[in-house]
Amino acid sequence: MPEWLIRVLEFRVAEANEGVVEDRVELNDVVEWCLVAPITIKDVPSHETAIPGVTAALSRWLQESTYDPAG
């Protein structure tokens, strides 16, 4: 990954953690959000056909995620 992109992701981590004491965001969280965000419900059936079990994994990830876009 290019250094500039890593810096942008680190900036997003710092931005998400601004004023937060507990449950701080880590770089891994931001990478996950960036990779998952483009996936829509419409995409899931074709992904499931190509990658059996991905629907269950995505569902489990969403249930376990503590990300709250509302802050």
Side-chain angles (χ1 to χ4, degrees):
M1 211 178 328
E3 183 179 347
W4 68 267
L5 184 53
I6 293 169
R7 298 251 188 198
V8 169
L9 293 173
E10 289 172 339
F11 170 77
R12 296 294 307 270
V13 170
E15 187 178 51
N17 286 325
E18 193 171 305
V20 175
V21 176
E22 295 182 22
D23 296 327
R24 294 177 60 80
V25 171
E26 297 177 5
L27 182 60
N28 185 60
D29 300 319
V30 175
V31 170
E32 282 184 7
W33 302 333
C34 291
L35 294 174
V36 172
I39 299 173
T40 67
I41 296 299
K42 179 182 168 190
D43 299 325
V44 175
S46 63
H47 291 337
E48 182 65 33
T49 300
I51 312 162
V54 76
T55 302
L58 176 59
S59 178
R60 188 170 42 257
W61 180 84
L62 287 170
Q63 289 176 345
E64 294 171 359
S65 176
T66 59
Y67 175 62
D68 180 3

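FYI, the numbering just counts along the sequence from 1. FYI, side chains are in, hydrogens and waters are out, and symmetry mates aren't considered; it's all heavy atoms of this structure.
- Between Val25 and Ala16, the shortest heavy-atom contact is CG2-CB, 3.8 Å.
- Between Arg7 atom CZ and Glu10 atom CD the span is 6.5 Å, to the nearest 0.5 Å.
- Taking each heavy atom of Pro38 and Cys34 in turn, the nearest pair found is CD-O, 3.2 Å.
- A side-chain contact (heavy atoms from CB on, under 4.5 Å) with Val30 is found for exactly one of Leu9, Val8, Leu35, namely Leu9.
- Clustering ILVMFWY residues whenever any of their side-chain heavy atoms sit less than 4.5 angstrom apart, transitively, puts Phe11 in a cluster other than the one holding Met1.
- Across all their heavy atoms, Glu22 and Val20 have their closest contact at O-CG1, 2.8 Å.
- Ile39 is not connected to Ile51 by any chain of hydrophobic side-chain contacts under 4.5 Å among Ile, Leu, Val, Met, Phe, Trp and Tyr, and they are in different clusters.
- Put simply, the side chain of Glu32 reaches to within 4.5 Å of the side chain of Trp61, judged on heavy atoms.
- Trp4 and Ile6 fall within a single hydrophobic cluster, where Ile, Leu, Val, Met, Phe, Trp and Tyr side chains are chained together by heavy-atom contacts under 4.5 Å.
- Taking CD1 of Ile41 as the reference point, atom OG1 of Thr55 lies at 9.0 Å (rounded to 0.5 Å).
- Within a 6.0 Å sphere centred on CD of Glu15, heavy atoms belonging to other residues, nucleotides or ligands number more than 12.
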